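None of the values given here were measured: they were computed from a predicted structure. Note on naming: letters A, B, ... go to the chains in the order of the sequence lines (proteins, then strands), and numbering restarts at 1 for each one.
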Number of protein chains: 2
Amino acid sequence: MTVTLADVAARAQVSPATVSRVLNGNYPVAASTRERVLKAVDELDYVLNGPASALAAATSDLVGILVNDIADPFFGIMASAIQAEIGGPGGRAGGERLAVVCNTGGSPERELTYLTLLQRQRAAAVVLTGGAIEDAEHQAAMDAKVRKLTEAGTRVVLCGRPPAPDTGAIALTFDNRGGGQELTEHLIGLGHRRLGYIAGPEERTTTRHRLEGHRAALAAHGIEEDPRWTVHGRYDRRSGYEATLELMRRDPSLTAVVAANDSVALGACAALRDSGLRIPEDVSVAGFDDLPFSIDAVPSLTTVRLPLADAGARAGRIAMGREEAPPGGIASVRGELMVRGSAGTPRAS
Amino acid sequence: MTVTLADVAARAQVSPATVSRVLNGNYPVAASTRERVLKAVDELDYVLNGPASALAAATSDLVGILVNDIADPFFGIMASAIQAEIGGPGGRAGGERLAVVCNTGGSPERELTYLTLLQRQRAAAVVLTGGAIEDAEHQAAMDAKVRKLTEAGTRVVLCGRPPAPDTGAIALTFDNRGGGQELTEHLIGLGHRRLGYIAGPEERTTTRHRLEGHRAALAAHGIEEDPRWTVHGRYDRRSGYEATLELMRRDPSLTAVVAANDSVALGACAALRDSGLRIPEDVSVAGFDDLPFSIDAVPSLTTVRLPLADAGARAGRIAMGREEAPPGGIASVRGELMVRGSAGTPRAS
DNA sequence: AGCGTTTTAGCAAGCGCTTTCTATATAGGG
DNA sequence: CCCTATATAGAAAGCGCTTGCTAAAACGCT
């Protein structure tokens with residue numbers, strides 16, 4: 001029915017072992033032999049049986065990429081950088097890996113299940129992206145799973161995610177705390193003293209770190225935070241819109257709104273504009289991430305640029321063993337403050 | 001080292017065959033036996049060896065989803081609907097399928113390579129999303145590959161993609177032509193006679209179909225199209241911005257700009273606004289797709305809603321054999337005109 | 001020419017599961 | 001109480017590949 005290695009071997013007048021070796025290219029085969037084999041492969045339109053190969057070799061060419069929300073460009077950019085680096089199609093020589101992205105939708109169960117599925121597939125590596133979920137039980141389960149994976153020889157790298165100590169995973173963490181602090185200090189430097197903050201969902205590490213940075217900046221400048229100044233929402237535009245309305249209702253004297261990310265910031269801009277407020281003359285707005293649309297916004301968004309594509313590419317290379325892991329298995333990647341039009345000096349009031 | 005089926009069998013005092021059967025649940029096993037086995041599985045923390053299983057069963061639980069651009073919400077929404085339906089983690093009983101998305105980046109080679117990789121993995125099904133590439137040679141290669149997949153028992157479904165006749169693939173096509181026509185007719189009904197059109201990349205079927213619809217509407221109303229009124233770009237915001245500037249430079253008397261999709265339309269809005277033109281008082285703008293951000297835009301976008309999530313879910317069910325394929329293996333899904341604020345009556349002039 | 005090396009290729013033993021076929025209990029009917 | 005259905009479990013033969021080991025051929029020395 002389907003053509004197998006043996007068929008190719010017969011046609012090329014060699015043993016199956018030889019065919020396997022030319023296909024894997026990890027063993028010397030005479031040029032003339034190789035050519036004959038390749039010709040047979042081509043003529044028979046042979047496609048290697050992945051499962052059989054993975055079984056015999058005790059490892060597959062599958063690499064999994066876990067993302068929280070596939071429809072969010074934050075993850076899209078990282079995933080596509082990782083995928084490009086991992087090779088797969090269009091990759092470098094021998095790069096026939098299947099890089100696949102799995103969408104957890106931010107659900108703890110799905111996160112875990114995907115990890116199990118990948119483990120079952122004997123994935124060669126897995127990259128986990130984005131903030132983790134702050135739930136002790138879930139984190140323990142994740143860590144146990146990750147440890148099991150690394151022990152079984154699967155390389156696990158965390159990209160834009162906090163380190164998982166003692167699991168064997170390599171972490172490329174974004175310095176959300178530092179970025180958040182720098183951003184808020186910029187606003188304070190501009191003269192703002194009354195700053196609203198729209199945080200992400202409470203259970204995500206990213207949310208907490210960015211908020212901590214913001215508060216550290218306030219504290220460093222002796223600004224006492226009013227509890228009314230912080231609201232939690234989701235990481236999307238609509239949530240930013242609603243949260244901003246709420247914020248301005250609670251305290252109309254705010255002169256700046258710092259958003260958990262750029263989408264939220266855009267929602268904030270829309271809400272302010274709909275309230276008849278000008279940006280940045282009446283209220284300044286700042287975002288986080290510097291996604292591609294942020295510079296196009298009117299006014300363009302002051303934000304913290306996270307090197308998503310670079311970090312993704314690096315994570316991909318580490319996952320492939322093509323780049324050395326950072327010392328201690330942990331690296332913190334800083335964001336870069338992008339000063340643009342959405343934040344200015346506060347209104348006189 | 002790693003625990004195998006045999007270990008579980010030994011622990012549960014049954015044969016490996018029995019363990020396999022309780023795991024697959026496709027053969028009667030006494031309740032007491034099943035329980036014993038499940039207990040052993042749990043105690044040993046056993047994870048099935050996917051490749052071995054796939055080899056023996058001659059099929060895997062992998063399902064591939066091909067997308068053109070993972071960072072584009074258009075694909076993100078479809079992919080996430082497909083993935084949800086296919087089950088995988090969090091799916092229905094027995095739904096332990098691994099639904100993975102593969103990002104082709106719009107490249108023909110990668111498209112083909114991913115298909116081969118999926119074929120190699122003996123994927124249970126594959127879903128191809130989004131417009132196809134209009135290149136006879138590439139399409140022939142794709143069709144051949146798809147035929148090979150369906151012949152090997154892999155279900156192939158096309159979601160938002162033109163049918164591939166005689167390949168055994170099932171198509172859920174969006175009626176881009178009809179949607180494009182309806183949209184432009186709406187604008188014409190509003191009184192517009194001078195309409196610019198920002199098309200997508202020339203080589204995509206989606207681009208051609210939408211443009212054909214637009215032109216059909218013009219023709220139906222006896223409007224002769226000026227060659228200056230059409231420019232081609234990419235499917236992103238920046239491209240829309242630039243194209244709009246070009247369009248207005250070519251013919252400042254245009255009263256409406258129809259964009260290939262919503263991102264492009266948003267870019268168009270920004271360009272018009274930056275040119276000092278009001279929307280829709282001076283120039284009307286229309287998009288396509290109705291992505292979530294379109295209703296949030298100011299003014300909200302008049303556009304054609306494509307049922308991305310519904311179509312994705314349906315494609316997923318068909319791929320899983322859980323829903324019957326449409327008659328003839330082809331279904332055309334209509335979009336719905338969303339009349340909103342970005343398009344109004346043309347300015348007097 | 002003889003011998004040790006180095007290349008190159010084949011043999012065959014699995015990898016860990018599924019599944020057909022067969023065997024053994026158990027139950028039901030006369 | 002025996003005989004035939006029926007339910008349940010096991011034996012064993014692969015699935016198609018990889019790879020350690022071995023063998024043969026080719027090469028370079030002395």
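- Using a 4.0 Å cut-off between charged side-chain N and carboxylate O, A/Glu85 and A/Arg322 make a salt bridge.
- Straight-line distance from the OH atom of B/Tyr27 to the P atom of C/dT22: 13 Å, rounded to whole Å.
- Taking side-chain N and O atoms only, B/Asn24 has a distance below 4.0 Å to OP1 or OP2 of C/dT18.
- Taking the side chain of A/Asn26 as heavy atoms from C-beta on, and the options D/dT19, C/dT18, D/dC17, the nearest nucleotide is D/dT19.
- A side-chain donor-acceptor contact under 3.5 Å links A/Thr18 and A/Ser15.
- OP1 and OP2 of D/dA9 both lie 4.0 Å or more from every side-chain N or O belonging to B/Thr18.
- Residue contacts for A/Ala17: at a heavy-atom cut-off of 4.0 Å it reaches a base atom on one of the strands shown.
- Considering only side-chain atoms of B/Ala30, the nucleotide from D/dG16, D/dA9, D/dG10 that sits closest is D/dA9.
- When distances run from any side-chain atom of B/Asn49 to the nucleotides D/dT18, C/dG16, D/dG16, the shortest one goes to C/dG16.
- Here D/dG16 presents its P atom at 12 Å from CG of A/Leu48, a figure rounded to the nearest Å.
- Atoms CZ (A/Arg34) and P (C/dT7) sit 15 Å apart, rounded to a whole Å.
- Summarising the geometry, the separation between CG on B/Leu5 and C1' on D/dA11 is reported as 15 Å, rounded to the nearest angstrom.
- Each of B/Ala52 and B/Pro28 has a nearest nucleotide on DNA chain D; the 5'-most of these lies closest to B/Pro28.
- Here D/dC17 presents its C1' atom at 7 Å from OH of A/Tyr46, a figure rounded to the nearest Å.
- Side-chain N/O atoms of A/His138 and A/Glu109 include no donor and acceptor closer than 3.5 Å.
- Side-chain to base pairing of B/Arg122 with D/dG16: no donor and acceptor N or O lie closer than 3.5 Å to each other.
- A donor-acceptor contact under 3.5 angstrom links the side-chain atoms of B/Arg21 to the base of C/dT20.
- In terms of position along DNA chain D, the nucleotide closest to B/Gln13 lies nearer the 5' end than the nucleotide closest to the other residue of the pair B/Gln13 and B/Ala56.
- Whole-Å rounding puts the A/Arg36 CZ to C/dT8 P distance at 14 Å.
- When distances are taken from the side chain of B/Val29 to each of D/dA9, C/dA9, C/dT19, the shortest belongs to D/dA9.
- Contact check, B/Ser20 against C/dT18: a side-chain N or O comes under 4.0 Å of OP1 or OP2.
- Taking atom CD on A/Gln121 and atom C1' on C/dC17, their separation rounds to 13 Å, with Å as the unit.
- Distances shown here put a side-chain N or O of B/Ser53 below 4.0 Å from the OP1 or OP2 atom of C/dT18.
- Counted within 6.0 Å of CD on A/Glu43, heavy atoms from surrounding residues, nucleotides or ligands total more than 12; the atom is thus considered enclosed.
- A/Gln119 and A/Lys145 share a side-chain donor-acceptor pair at under 3.5 Å.
- Atoms CG (A/Leu55) and C1' (C/dC17) sit 8 Å apart, rounded to a whole Å.
- The shortest distance between the side-chain N/O atoms of A/Ser15 and the OP1/OP2 oxygens of C/dG10 is below 4.0 Å.
- Checking A/Thr33, A/Val22, A/Val19 one by one against A/Leu38, the side-chain contact (heavy atoms from CB on, under 4.5 Å) holds for a single residue, A/Val22.
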